[in-house]
> 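Pasting a structure below so you can have a look.
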2 protein chains.
Amino acid sequence: MWMTRLGRRALPALKPSSSVPAFHPLRPCWKPGQGSGPPGSGLTSVQLRGQQTLGSASLPLTRHAVRFVRAQHEDRLVEVEWEDGGQSLYPFTWLRDNCQCPLCTLESAQARKLLMADLDVNTGLDVVEVTNDNKVSIMWPDQHTSVFDAEWLKKRCFSSAARRAFQEELFLNERYYWDSTLRIPTADFQEILHDDKAALAWLLALRRVGVVYLKGAPAQPGQVAKLAERIGYLRLTFYGHTWQVQDKPMANNVAYTSGKCSFHTDYPALHFTPGVQFLHCINQAAVGGESTLVDGFHMAAKLKREDPEAFRTLTTLGIDFTDTGTDYCDFMLQAKQRIIDVDAEGQPLRVNYNNATRDSVLDLPVHQVQPFYRALRAFVDLMDRPENVVSYRMEPGDIVTFDNWRLLHGRAGFLSDPQKLRHLEGAYLDWDEVMSRLRILRGSVQHDE
Amino acid sequence: MWMTRLGRRALPALKPSSSVPAFHPLRPCWKPGQGSGPPGSGLTSVQLRGQQTLGSASLPLTRHAVRFVRAQHEDRLVEVEWEDGGQSLYPFTWLRDNCQCPLCTLESAQARKLLMADLDVNTGLDVVEVTNDNKVSIMWPDQHTSVFDAEWLKKRCFSSAARRAFQEELFLNERYYWDSTLRIPTADFQEILHDDKAALAWLLALRRVGVVYLKGAPAQPGQVAKLAERIGYLRLTFYGHTWQVQDKPMANNVAYTSGKCSFHTDYPALHFTPGVQFLHCINQAAVGGESTLVDGFHMAAKLKREDPEAFRTLTTLGIDFTDTGTDYCDFMLQAKQRIIDVDAEGQPLRVNYNNATRDSVLDLPVHQVQPFYRALRAFVDLMDRPENVVSYRMEPGDIVTFDNWRLLHGRAGFLSDPQKLRHLEGAYLDWDEVMSRLRILRGSVQHDE
């Protein structure tokens, strides 16, 4: 899982606001190496760990030059000393494995042709030197030659600081934790569709904050599909390519009634729950139907502090979820999930919880049943505390886009009017596709500057 | 992950055969409680752990009746004694949580309406009794009444034996490990499309063995899509809804050349790699292009025995994969994977390995680099041993369907003829969708018998 290496931490919300709904206009803020904006410049420039802005996602574009290289034959390492004074070590095997020549790399696919069976994992090295154009050239014992660009090498330095920085650039795992004082970042639907900077700012805030509110979409079906196309493609599920949240007779899902939905993530009955969710308001109810959000990662961190035993229980026990019915086609899903999924360092990766589809099948020894209920209730009570909840009311043309791995969402019950049904259209995407578009946009926006 | 609870083990292959390719006709073998077939009846009836046939996936359909019930108020448990002599214990909280009445359950969705916030996780119990129609009826302190079907309760018994059996019925985690002596289960493409028993036998063998070979498909594009529709829907990726494996100019993937492909799983640059893969041969090369398969779970188990240090390395280190290019649309993927992903008990869940897309970015401290290469090479060498490899040559109209989480597949290089290009069409599905169809087919086939 991609959030393994980097920790997240809670930060105080900027500009607390008591108004509900509270939205905050997004400003693109991608610039590499840029510091945080002026105080009070809003969520999109809040400092994360005092190093990076919310929008910033690239390393500074300093050029690096090699001062000298030498081989440490005993340890089978190439030592590179940089003009700026730093030093990097590269294992022989890694260098041979990543030779960039056309025999070893398929340039058109940027992929490795060299087979593992053909790699000498105990290779020696004959000559290493700096070329006239400041590249590192290596001749191997079989006379094969590899040439490495200085910048390419510098970026792949094995020091923990360099690796941490590059991993953060690739995966953007630093998150901004929030509570009820959050002013939800907002953006214009049309701008996001047509302007790359706006689209990039949207996806960066979606990643860091977990939620971005879009205004100005037509109040007609088809808008979430357009938004998905802006990224790549949406994720089809048994509820269809997109799905209509309405009060339906013989509902195949509790969301398709007029009842209250307590905090949940969508689709824990799939082992790989959808990463990102879009909900577009086409019609709102006259009475009721308000929306709520809570930051599940923040709540998991709070639970760990306040009730470590409950946290341990929810991060270790495998809980069954189930979903049976017919929609896009007939389905009979079963999945086993930890309600709070964490990485090897105990950092939250994903919350998997929907009380409606939590199975009556509970695969626990009888003595663990009561501790499980106690822990789950503690987590739910924490999420329901007013100081943790953001509430808002969607109006036709609004779209909420959010991280379904991190946030839990809910809805108040509403008065159903058959003449004018409350109607939201929803769609799912996965984080891999969203992050792919984010990286491409970052590259193209940087290139245009 | 769904394979958490149950172990897998290697079994000797039945009827070893030296002929290559070696296929074995599939026979439907789903019958609940059925023993293994006669000796030598083939893979589809091989005994797993001496208890279950390859095809069998259900508990025996014995009817259970309640002899008496009583409340153990101190431990807050309901004790049920069964007519057949067994005894089960059910926690009060679990019973209240799973009340099946229309106030607590949305019948049309088979989903829980009762909110966690409304559940008293310390509930007492006023009265528990057996009704005239042998159901268990409970009156709670607030006078709410819950009635439970005896069979429903029996199936959800919290004993470890009952839970193990039910989990196996739900997830089919027992696997049949194999080596080069495998005779690949085969089936008829048309039969699978039109006959539910044949389709069920196909999916059961796909789950247990990891590979099923289909004969008799038209040698035209569109067949893998039909097969996916038989299950539900295919998984769209950046390579398209289906994808064409051909020798292409400016290939965006090493598979789209005429070169050898060493053993790999597809798409480790996606965090959630595709669970199931279909490859349909439309044209074969005149020279070369033979296919190979290896059982990655079996190899992981062997590695654990033969080289525990390498196993530990590959099951703990996070390795970066990358894929950049344009196909369905432009993409820039990055993922972090353990090459052998295991559950909390150390059982393999998924192999994630493609040497072509293994990133030059290696997020390890320098002292772990050489141990990583040593471990990976040990795993690759193990997979390449002839005694572990199944080889076959696809002919037009053949489709190989296999578990992409478990098997690694490869291909010999071939002589590319521009007049008659070697052409395979591929498609992906996920295990959740495949298992959903399997459960539905199992139910309908049982119902028809």
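Here is how names work: the chains are called A, B, and so on, in the same order as the sequence lines, proteins then strands, and each is numbered from 1. It should be emphasised that the depicted structure is a prediction, and the values quoted were computed from it without experimental measurement.
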> Can you tell me which portion of A:Ser360 sits under 4.5 Å from chain B's heavy atoms? Options are side chain, backbone, both or neither.
both
> Could you tell me whether a side-chain N or O of B:Gln110 sits under 3.5 Å from a main-chain N or O of A:Thr322, the two making a donor and an acceptor?
no
> For A:Leu333, is it the side chain, the backbone, both or neither that has a heavy atom under 4.5 Å from a heavy atom of chain B?
both
> What part of A:Arg439 is in contact with chain B, defined as an atom under 4.5 angstrom from a non-hydrogen atom: side chain, backbone, both or neither?
both
> Checking heavy atoms, do the side chain of A:Asn253, its backbone, both or neither come under 4.5 Å from chain B?
backbone
> Under a 4.5 Å heavy-atom cut-off, does chain A meet the side chain of B:Thr105, its backbone, both or neither?
neither
> Is it the side chain or the backbone of B:Val380 that comes within 4.5 Å of chain A heavy atoms, both, or neither?
side chain
> At a heavy-atom separation under 4.5 Å, does A:Val361 approach chain B through its side chain, its backbone, both, or neither?
both
> With a 4.5 angstrom heavy-atom cut-off, could you sort out which part of B:Phe321 is near chain A: side chain, backbone, both or neither?
neither
> A:Leu114 versus chain B, heavy atoms under 4.5 Å apart: side chain, backbone, both or neither?
backbone
> Is a donor from one side chain sitting under 3.5 angstrom from an acceptor on the other, for B:Ser146 and B:Gln100?
no
> Taking side chain as everything from C-beta outward and backbone as N, CA, C, O, which of these in B:Arg358 sits under 4.5 Å from a heavy atom of chain A? Side chain, backbone, both or neither.
both
> Measure distances from A:Phe263 to the heavy atoms of chain B and classify the residue's part below 4.5 Å as side chain, backbone, both or neither.
neither
